[in-house]
Amino acid sequence: MNKEQQQMKDDFGKMLKRLRVEQGLSLNDLSIKTGISSSYINRLEQSKRKSVSFPKLVALSEALGVEPWVLAGSSLNWSKGETTDLKELLFNHQIQHNGEILSAEVKEILLEILEVILSAKWSKESLLQELQEIGELISELKDI
């Protein structure tokens with residue numbers, strides 16, 4: 001690994017894929033936007049490639065409309081009035097529960113659960129469906 005490359009955390013691939021999918025981009029679409037091969041991007045998303053050059057990190061972040069530190073997972077500089085997106089918070093930090101570091105897969109399901117809860121209407125008409133969706137995600141989480 002040369003000095004221009006940075007070792008990426010395992011969460012990098014999950015965050016990269018999540019941002020790509022949220023924007024409705026295929027691997028090929030992102031490849032065209034960045035000039036980076038789709039197979040290389042796929043290896044990054046699958047955490048099969050653990051380092052990326054800074055120019056590629058910048059190209060990916062620009063194509064996805066986020067700051068490079070969001071993808072790199074560097075520490076957030078907290079100061080009065082600054083906020084961060086929930087997914088950035090989860091994916092850019094190692095989170096510990098009961099002495100164990102949460103995997104990217106666990107964080108992804110937790111994020112889905114939180115998104116369902118926060119976007120739920122909790123009306124008489126939607127309550128059962130929303131609770132069922134949360135229950136299914138919790139079951140998925142417990143199966144990991």
Side-chain angles (χ1 to χ4, degrees), residues 1-97 100-123 125-127 129-144:
M1 182 169 62
N2 68 39
K3 65 182 179 183
E4 206 176 62
Q5 289 183 322
Q6 177 179 345
Q7 189 75 22
M8 307 310 281
K9 297 187 314 184
D10 288 341
D11 292 348
F12 171 80
K14 290 277 187 188
M15 176 63 111
L16 176 61
K17 184 173 183 175
R18 185 170 189 83
L19 289 168
R20 177 180 62 78
V21 170
E22 282 179 356
Q23 294 186 24
L25 298 173
S26 68
L27 284 169
N28 192 50
D29 293 336
L30 188 55
S31 174
I32 291 167
K33 287 180 87 168
T34 61
I36 300 169
S37 76
S38 56
S39 63
Y40 183 92
I41 296 169
N42 185 51
R43 287 192 309 273
L44 287 172
E45 289 183 352
Q46 300 300 317
S47 297
K48 292 178 181 173
R49 182 160 182 98
K50 297 289 185 178
S51 63
V52 63
S53 68
F54 186 72
K56 286 181 180 173
L57 178 65
V58 170
L60 288 165
S61 65
E62 286 177 353
L64 295 168
V66 297
E67 296 295 326
W69 60 263
V70 171
L71 284 178
S74 64
S75 298
L76 294 172
N77 294 320
W78 295 102
S79 66
K80 192 174 185 177
E82 286 189 23
T83 62
T84 189
D85 187 77
L86 184 58
K87 70 180 161 244
E88 292 172 17
L89 182 64
L90 282 173
F91 284 98
N92 287 341
H93 294 83
Q94 287 191 353
I95 300 174
Q96 182 176 334
H97 177 69
E100 293 186 28
I101 302 293
L102 299 182
S103 70
E105 186 177 14
V106 167
K107 289 187 216 179
E108 191 167 350
I109 294 171
L110 287 172
L111 180 58
E112 288 180 54
I113 291 169
L114 289 170
E115 287 173 341
V116 170
I117 290 170
L118 293 172
S119 65
K121 294 178 184 161
W122 301 114
S123 67
E125 297 80 23
S126 66
L127 184 61
Q129 179 184 357
E130 291 161 346
L131 289 173
Q132 180 179 358
E133 188 175 353
I134 293 167
E136 289 170 0
L137 288 167
I138 291 171
S139 293
E140 189 178 331
L141 179 67
K142 292 300 181 181
D143 288 342
I144 296 176

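All figures in this text were calculated on a predicted structure; none of them were measured in a lab.
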Can you name the side-chain contact (heavy atoms from CB on, under 4.5 Å) partners of [X], sequence neighbours left out?
{"X": "S61", "value": "V66, P68, L71"}
{"X": "E62", "value": "V58"}
{"X": "L102", "value": "I95, H97, V106, K107, L110"}

Shortest non-hydrogen contact between [X] and [Y], atoms and distance:
{"X": "L111", "Y": "F91", "result": "CD2-CE1, 3.8 Å"}
{"X": "A59", "Y": "I36", "result": "CB-CD1, 4.3 Å"}
{"X": "L137", "Y": "I109", "result": "O-CG2, 3.5 Å"}

- Item | Pairs meeting criterion side chain to side chain donor-acceptor pair (under 3.5 Å) with involvement of residues 134-144, two or more places apart | Q132-E136
- Message: I'd like to know if the side chain of S39 pairs up with that of N42 as donor and acceptor (distance under 3.5 Å, no hydrogens or angles considered).
- Response: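 N42 and S39 do not have a side-chain donor-acceptor pair below 3.5 Å.
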Tell me every residue that passes side chain to side chain donor-acceptor pair (under 3.5 Å) with [X], counting only those two or more places apart in sequence or in another chain.
{"X": "E100", "answer": "none"}
{"X": "E130", "answer": "S126"}
{"X": "N28", "answer": "none"}
{"X": "Q129", "answer": "none"}

What distance separates [X] [atom1] from [Y] [atom2], expressed to the nearest 0.5 Å?
{"X": "L60", "Y": "K33", "atom1": "CG", "atom2": "NZ", "result": "11.0 Å"}
{"X": "I117", "Y": "I134", "atom1": "CD1", "atom2": "CD1", "result": "4.5 Å"}
{"X": "I113", "Y": "L118", "atom1": "CD1", "atom2": "CG", "result": "11.5 Å"}
{"X": "I144", "Y": "E105", "atom1": "CD1", "atom2": "CD", "result": "4.0 Å"}

- Note on the structure: The complete set of salt bridge (charged side-chain N to carboxylate O under 4.0 Å, His left out) pairs with one or both residues in residues 38-48, sequence neighbours excluded, reads R20-E45
- Backbone N/O of A104 and side chain of K14: donor-acceptor pair under 3.5 Å: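 No; zero donor-acceptor contacts below 3.5 Å.
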- Are the side chain of Q23 and the backbone of L64 linked by a donor-acceptor contact shorter than 3.5 Å? yes
- Can you find a heavy atom in the side chain of Y40 that is under 4.5 Å from one in the side chain of L27? no
- Those residues that, when tested against E22, pass salt bridge (Lys or Arg N to Asp or Glu O under 4.0 Å) (two or more places apart): R18, K87
